[in-house]
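Atoms within a ligand are numbered from 1 in the order they appear, just like the ligands themselves. Note that the numbering runs from 1 along the sequence shown for the chain. Only heavy atoms go into these numbers, but all of them, side chains included; no hydrogens, no water, no symmetry mates.
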Amino acid sequence: MPQPYLLLTPGPLSTSDTVKAAMQVDLSTWDSDYLAITERIRSQLLTLAGVSAPDYSAVLLQGSGSYGVEAVLNTLLPKQSKDACLMVASNGAYGARIAEMADRLQINHVDLIVPETKPVTAALVTAFLDQHPEVTHFAMIHCETTTGILNPIETILPQVKDRGIITIVDAMSSFGGIPINLLDLKIDFLISSANKCIQGVPGFAFVMANCAILETCQGRSTSLSLDLYDQHMSFKMHPGKWRFTSPTHTVLAFDQALSELIAEGGVAQRYQRYTANQRQLVNGMQALGYQALLPTAVQSPIITTFKTPNPDFDFNRFYQALKDRQFVIYPGKTTAAPSFRIGTIGVVDQPEISALLAAIESTQKLTH
Ligand SMILES: *Cc1c(COP(=O)(O)O)cnc(C)c1O
């Protein structure tokens, strides 16, 4: 067995012992217990998002988060069509991934590309839309995990929707950790996954879907397994029934994780904890001579990019020294500056951040 360590990464992340323990049961996908758990999860997700059935459906889908994003694009947008056009607003790798999916799917798209250290803003989006009246669908990232920047979806999406455009948000690394109300924000499709801020384990994605729109998309997906319409209709016609084998243990862990989220005080409370973690981390890192890449005003509480402190800094040695002290962090993913990233989500609180900072201090001789 590998040595256990605390994951300070944006998912998979550190889960509670009780979430891990919930997986110690083998359930049949046809059993009524399992069907009831799936339905409970679907209804709790809608509640978290501030919406309800039958207007919205929480569609669970096997695979990682990207499978959910690709299912949304493939199901909503016709291929090789001039009648539909997707606008992708991108300021990092996950935005670029949406554009790449659109390419692979032969979906007509136009991209607004913003530098990685700058937020996507309502002014940029509306100016771009003025130039592109052909846009019918709009996709953007909430927390761009590439840098940890938080894009202001609350000022952007209502304006996009008011132009009659279908709104899609990749809230993979924020849903459950940052309050998001789909009705207030006029979100038609929101994608997230089991192993991020809900604090479950990997195995499925979920899409909060506007049913009136989704139910016009029968037969449009070129993929059978990623057909979000078919998946939604399966849950609608046979409550709790996924198409194809579902990750039963992951579902049990997720059910437990949702009850722990509610016990913690809900998303608002979790947001407070993540925010406090992130502030403590940045203050502590600053005291040790590490600067955050982003200004506080656009920084999310989810993950923080730090610039490497000097040209001699060796990330691999730093990583290994921290792993020896039972902390695992992430390499940098931005091209803006040499960097590394530290997540502040999962079962992580003040004592863990303090312990991490002490571990980093103890590596200073190695890395300075
Ligand atoms: C994690 C993440 C994804 C999905 O990545 P997977 O590796 O497929 O789980 C998509 N978008 C964002 C912003 C993410 O943080």
Exercise for the section: Just jot down the ligand 1 atoms closer than 4.0 angstrom to any heavy atom of S173, in number order. Expected result: 15 (O)
Exercise for the section: Kindly say whether C143 contributes a backbone atom to a donor-acceptor pair with the side chain of S300 at under 3.5 angstrom? Expected result: no
Completion exercise
Of all heavy-atom pairs linking G176 and C197, the shortest is C-CB, 3.7 Å
Handout entry: Side-chain donor-acceptor contact under 3.5 Å, T126 with Q159
Key = no
Practice task
Return yes or no for this condition: an N or O of D170 is under 3.5 Å from an N or O of ligand 1.
Solution key: yes
Problem - R97 near ligand 1 by a heavy-atom separation under 4.0 Å - result: yes
Practice task
Of all the heavy-atom pairs spanning L183 and Y56, show the shortest one and how long it is.
Solution key: CD2-CE1, 4.0 Å
Problem - Heavy atom of C143, distance to ligand 1 below 4.0 Å - result: yes
Exercise for the section: Consider every N or O of Y67 and every N or O of ligand 1, then say whether any pair is closer than 3.5 Å. Expected result: no
Problem - Taking atom 3 (C) of ligand 1 as the reference point, the nearest protein heavy atom with its distance - result: M172 CG, 3.4 Å
Practice task
Considering only non-hydrogen protein atoms, determine which one is nearest to atom 9 (O) of ligand 1 and report residue, atom name and distance to 0.1 Å.
Solution key: G65 N, 3.2 Å
Problem - Side-chain donor or acceptor of Q286 paired with backbone N/O of A292 under 3.5 Å - result: no
Practice task
Between K196 and ligand 1, find which residue part has any heavy-atom pair under 4.0 Å and reply side chain, backbone, both or neither.
Solution key: side chain
Problem - Whether F340 and F318 hold their rings parallel, tilted or perpendicular, with breakpoints at 30° and 60° - result: tilted
Handout entry: ligand 1 to S64 polar contact by distance, N or O atoms, under 3.5 Å
Key = yes
Exercise for the section: Using a strict cut-off of 4.0 Å, indicate which atoms of ligand 1 neighbour a heavy atom of I141. Expected result: 13 (C)
Handout entry: Other residues, nucleotides, ligands: >12 heavy atoms within 6.0 Å of R273 CZ
Key = yes
Practice task
Report yes if S66 has an N/O atom closer than 3.5 Å to an N/O atom of ligand 1; otherwise report no.
Solution key: yes
Exercise for the section: List the atom of V201, the atom of N195, and the distance in Å for their closest heavy-atom pair. Expected result: C-CB, 3.7 Å
Problem - Atom indices of ligand 1 within 4.0 angstrom of T145 heavy atoms, with elements - result: 12 (C), 13 (C), 14 (C), 15 (O)
